[in-house]
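What you are looking at is a predicted structure, and each value in this text was computed from that prediction instead of being measured.
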Amino acid sequence: MTRNVQQLFDLTGKTALVTGGSRGLGLQMAHALGEAGARIMLSSRKAADLEEAAAELQAAGIDARWIAADCANEADIERLAAETLERLGQVDILINNAGASWGAPAEEHPVAAWDKVMNLNVRGYFLLSQQIARRSMIPRKTGRIINLASIAGLGGNPLGMKTIAYNTSKGAVINFTRALAGEWGVHGINVNAICPGFFKTKMASVLIETLGEDEMKSHAPLRRLGDDEDLKGLTLLYASDAGKHITGQWMAVDGGVSALVGG
């Protein structure tokens, strides 16, 4: 029997692991999944931030827990996967969101900073996806993986950002998403990417301070920055049965910026 829209978007009984989930876009996506009925495991490096974020979710009636882990560290990633599965039993939805940036002209960009960004933004996504797929999704022939890319991975250098490692890593995330979707579709795993534009997050704060909020808004056809609701709809689509026939895709949530810069 064909399900109605509310049934297709319902995540009751599902479990989700959200990295970089203690604030910003990660916490917003955790809210979206929890509000649709999923149990949430948050992860980031700082326990105090995670405790505060989990309390916020719990106050909203969401079943939320947390594990502190560094997703640039292979041993931490293995521990995160094992402990999440021990505590939740399975992972239906994985959101790879933990990320880093570094601002410097390309000719002066430190190699160590390049490695730091790549290790977290690309290698970390791969290693955690591999762990969760092996231990939970592939054996059960089902799963949703959502990778956070960026419009910086679409247009090369939107607004003249001097963040060569970050931009490169986000372009890699988009093709990682396509490649993984092609391999793991046979296991019933959907893999998709979200490409946020400019939101009022801690990571974007330096650019906002440099250019000014009004200037940044002027580059978006919708003349606004992203807010605390703007990723919820797409996150829920990708995570739920409403998006069960979508895989290997990316979508920009950017107020139209990528339509003007070559996305």
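Nearest heavy atom pair, residue V117 against residue A100, reads CG1-O, 3.7 Å. Between Q28 and L231, the shortest heavy-atom distance links the atoms OE1-N, 2.7 Å.
Judged by distance alone, the side chains of T19 and N96 never bring a donor and an acceptor atom under 3.5 Å apart.
Without hydrogens or angle criteria, S136 side chain to I132 main chain gives no donor-acceptor distance under 3.5 Å. Using a distance-only test at 3.5 Å, with no hydrogens or angles considered, no donor-acceptor pair links the side chain of N119 to the main chain of R123. With E52 contributing its side chain and L50 its backbone, the two residues share no donor-acceptor pair below 3.5 Å.
Transitive grouping of hydrophobic side chains (ILVMFWY, heavy atoms separated by less than 4.5 Å) brings W66 and I62 into a common cluster.
Under the side chain to side chain donor-acceptor pair (under 3.5 Å) criterion, D49 pairs with no residue, sequence neighbours left out. A53 meets the side chain to side chain contact (heavy atoms under 4.5 Å, CB included) test with S22, L27, L42; sequence neighbours excluded.
Checked against D70 for a side-chain contact (heavy atoms from CB on, under 4.5 Å), the options K46, R79, R45 give a single hit: R45. None of T15, L17, L11 except one satisfies the side-chain contact (heavy atoms from CB on, under 4.5 Å) rule with I93; the exception is L11. Between Y238 and the options I194, N190, I145, I95, a side-chain contact (heavy atoms from CB on, under 4.5 Å) holds for only I194.
A salt bridge links K200 with E213: the distance from a Lys NZ or Arg NE/NH1/NH2 to an Asp or Glu carboxylate oxygen falls below 4.0 Å. Using a 4.0 Å cut-off between a side-chain N of Lys or Arg and a carboxylate O of Asp or Glu, D241 and R3 qualify as a salt bridge. Ion pairing between D92 and R140 holds under the 4.0 Å rule for side-chain N and carboxylate O. A salt bridge links R224 with D230: the distance from a Lys NZ or Arg NE/NH1/NH2 to an Asp or Glu carboxylate oxygen falls below 4.0 Å.
Two residues are said to be in side-chain contact when any heavy atoms from C-beta on lie closer than 4.5 Å; W184 and T247 fail this criterion. Two residues are said to be in side-chain contact when any heavy atoms from C-beta on lie closer than 4.5 Å; Y125 and C71 fail this criterion. Looking only at side-chain heavy atoms (C-beta outward), H109 and K162 stay at 4.5 Å or farther from each other. Here the side chains of M41 and V18 are not in contact, with every heavy-atom distance at 4.5 Å or above.
Aromatic ring orientation, F176 versus F126: perpendicular (interplanar angle above 60°, classes split at 30° and 60°).
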